[in-house]
Q: 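One structure follows; several queries about it will come next.
Hydrogens, waters and symmetry mates are skipped; everything else that's a heavy atom, side chains included, is used.
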Amino acid sequence: MRALGTTPPAQLEPLVTRVAAQGATPLVVAEGNRVLGVVILEDTLKPDVGMRIAQLRRMGLHTIMITGDNRLTAKTLAERAGVDDFVAEATPEAKLAFLRQEQAEGKLVAMMGDGTNDAPALAQADVGLAMNSGNQAAKEAGNMVDLDSDPTKLIEVVEIGKQLLMTRGAFTTFSIANDVAKYFAIIPALFAATLPWLKPIDVMHLHSPTSAILSAVIFNALIIPMLIPVALKGVRYRPLGADALLRRNLLIRGLGGIIVPFIGIKLIDATIVILHLVA
């Protein structure tokens, strides 16, 4: 308006500010140098978005809203949604630069978007989730398309990925701990007679070297089929940070992987001895 040599109406700026403060986007419409009015564009937040964002935070994710809206509108929406931070008045180049900066700091970045403005950032992100309601450019740039067009669908994406990693980590931890326990069971039983210094670690006191080996073999034959249904079902995911998940994994699968073979092999050894005596 000023470029056309006229002054905007005095009530225009307060109106624009009030609309932005309500979380809407004000669009001033003019004909020539005469202001006709303000069109209000308003995004409707999903009812459970705050709860879903809080769930992402419990999972250890830092949520940032990047938008082309003015700072006041972006601030209002960010507060309503409960995101950790926001970037306002962002151009496609600014979105791309922001993601690259985050990745340069060693962070894994997931990007959700639905427009042409989001396409470069979706292509740059480690995980690009495009909305089905978005345009073709965004869909082609992303790694996957959310058919429900729900930005918080990232929760399910992260849950599935972490569940796969947790399942693999849980079985690896259990397997290593299981092998360590079996070595404590078999090696002292085999060599304690010829290597007296192994006697202190012979904590299981198995009947004989033969029963020790046979008990370990039978235990393996029983435990592996029992783990197959658990592997197919997967480890249940809990929305915790990486440190908490690691401690939980070591405590349950690591400690459990040591205790279970000790108990199992000892019981099998005692059963073999009883059956042998009966026979």
Side-chain angles (χ1 to χ4, degrees), residues 16 19-29 38-105 107-164 237 239:
V16 167
V19 170
Q22 295 173 355
T25 301
L27 180 64
V28 179
V29 181
V38 177
V39 176
I40 300 175
L41 306 177
E42 187 171 7
D43 292 323
T44 302
L45 295 177
K46 294 183 180 296
D48 61 344
V49 66
M51 181 181 64
R52 302 277 282 178
I53 293 295
Q55 188 174 351
L56 284 171
R57 190 175 296 110
R58 289 195 300 271
M59 294 165 68
L61 274 68
H62 186 75
T63 55
I64 301 176
M65 182 182 74
I66 307 178
T67 177
D69 281 327
N70 66 72
R71 184 171 181 81
L72 185 55
T73 300
K75 181 176 183 297
T76 303
L77 288 175
E79 290 174 351
R80 289 181 182 176
V83 297
D84 297 309
D85 203 354
F86 69 93
V87 177
E89 300 175 358
T91 62
E93 294 79 10
K95 294 180 181 181
L96 180 60
F98 181 82
L99 261 68
R100 286 176 173 171
Q101 177 62 36
E102 294 290 299
Q103 290 172 327
E105 296 174 2
K107 301 174 183 176
L108 290 175
V109 181
M111 170 73 183
M112 293 154 288
D114 60 0
T116 304
N117 292 344
D118 300 320
L122 284 168
Q124 177 67 32
D126 298 290
V127 177
L129 181 61
M131 302 295 103
N132 191 42
S133 59
N135 60 30
Q136 192 62 30
K139 295 179 183 179
E140 292 180 359
N143 301 113
M144 59 190 78
V145 177
D146 175 22
L147 299 179
D148 297 329
S149 298
D150 181 3
T152 59
K153 184 61 69 69
L154 183 65
I155 293 176
E156 281 74 16
V157 175
V158 174
E159 283 181 348
I160 292 172
K162 285 197 172 187
Q163 185 179 29
L164 291 174
Y237 173 72

Q: Compare all side-chain heavy atoms of L77 with those of T67 and state whether any distance is below 4.5 angstrom.
A: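 When only atoms from C-beta onward are counted, T67 and L77 do not touch, as no gap falls below 4.5 Å.
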Q: Apply the side-chain contact (heavy atoms from CB on, under 4.5 Å) test between L96 and each candidate in Q101, M111, Q124; give the one that qualifies.
A: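 Of all the options given, the one that passes is Q124.
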Q: Heavy atoms only: give me the nearest A130-A138 pair and the separation to one decimal.
A: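 Residues A130 and A138, closest heavy atoms: CB-O, 3.4 Å.
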Q: Show your reasoning for whether side chain to side chain contact (heavy atoms under 4.5 Å, CB included) applies to M144 and V127.
A: CA-CA 8 Å; M144 59 190 78; V127 177; 4.2 Å; yes
Q: For Q55 and E159, which I'm curious about, is there any donor-acceptor pair between the side chains at under 3.5 Å?
A: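 Side chains of Q55 and E159: pair found under 3.5 Å.
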Q: Hey, could you give me the CG/CE distance between L56 and M51, rounded to the nearest 0.5 Å?
A: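 Between L56 CG and M51 CE, I get 11.0 Å after rounding to 0.5 Å.
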Q: Can you see which heavy atom on R57 is nearest to which on V83, and at what distance?
A: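 Closest heavy-atom pair between R57 and V83: NH2-C, 4.1 Å.
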Q: Looking at residues at least two apart in the chain, or sitting in another chain, which of them share a salt bridge (charged side-chain N to carboxylate O under 4.0 Å, His left out) with D69?
A: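 Listed in chain order: nothing, the list is empty.
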Q: Return the minimal non-hydrogen interatomic distance between N143 and D126, and the atom names on each side.
A: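 So the minimum-distance heavy-atom pair works out to OD1-O, 3.6 Å.
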Q: Out of curiosity, M112 CE to D118 CG, how far, rounded to the nearest 0.5 Å?
A: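 Reported to 0.5 Å precision, the distance equals 10.5 Å.
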Q: Looking at R52 and E156, is there a salt bridge between them, counting it only when a charged N and a carboxylate O are closer than 4.0 Å?
A: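 A salt bridge is present here (some side-chain N lies under 4.0 Å from a carboxylate O).
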Q: Could you tell me the separation between the CG atom of L129 and the CG atom of D146, rounded to the nearest 0.5 Å?
A: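 It is 5.5 Å, given to the nearest 0.5 Å.
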Q: Just do the side chain to side chain contact (heavy atoms under 4.5 Å, CB included) check on K139 and D114 with the steps written out, would you?
A: CA-CA 8 Å; K139 295 179 183 179; D114 60 0; over 6 Å; no
Q: If you apply the rule side chain to side chain contact (heavy atoms under 4.5 Å, CB included), what do you find for V29 with V39, and how did you get there?
A: CA-CA 7 Å; V29 181; V39 176; 3.6 Å; yes
Q: Hey, does Q22 have a side-chain heavy atom less than 4.5 Å from the side chain of T76?
A: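 Heavy-atom side-chain distance check fails, nothing below 4.5 Å.
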Q: Under 3.5 Å, is there a donor on one side chain and an acceptor on the other for T73 and N70?
A: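 Yes, because at least one side-chain N or O of T73 sits under 3.5 Å from a partner of the opposite role on N70.
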Q: For the residue pair R71 and E89, what are the closest heavy atoms and their distance?
A: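 The answer is N-OE2, 3.7 Å.
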Q: Under 3.5 Å, side chain of T63 to main-chain N/O of D84, donor-acceptor pair present?
A: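 At least one qualifying donor-acceptor pair exists.
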Q: Specify the closest pair of heavy atoms between A125 and L99, including all atoms of both residues, with the distance to one decimal.
A: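 So the minimum-distance heavy-atom pair works out to CB-CD2, 3.7 Å.
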Q: Quick check: closest heavy atoms across S149 and S133, and the distance to 0.1 Å?
A: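 Nearest heavy atoms, S149 then S133: OG-N, 2.9 Å.
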Q: Kindly determine whether I66 and F86 satisfy side chain to side chain contact (heavy atoms under 4.5 Å, CB included), including the steps that lead there.
A: CA-CA 6 Å; I66 307 178; F86 69 93; over 6 Å; no
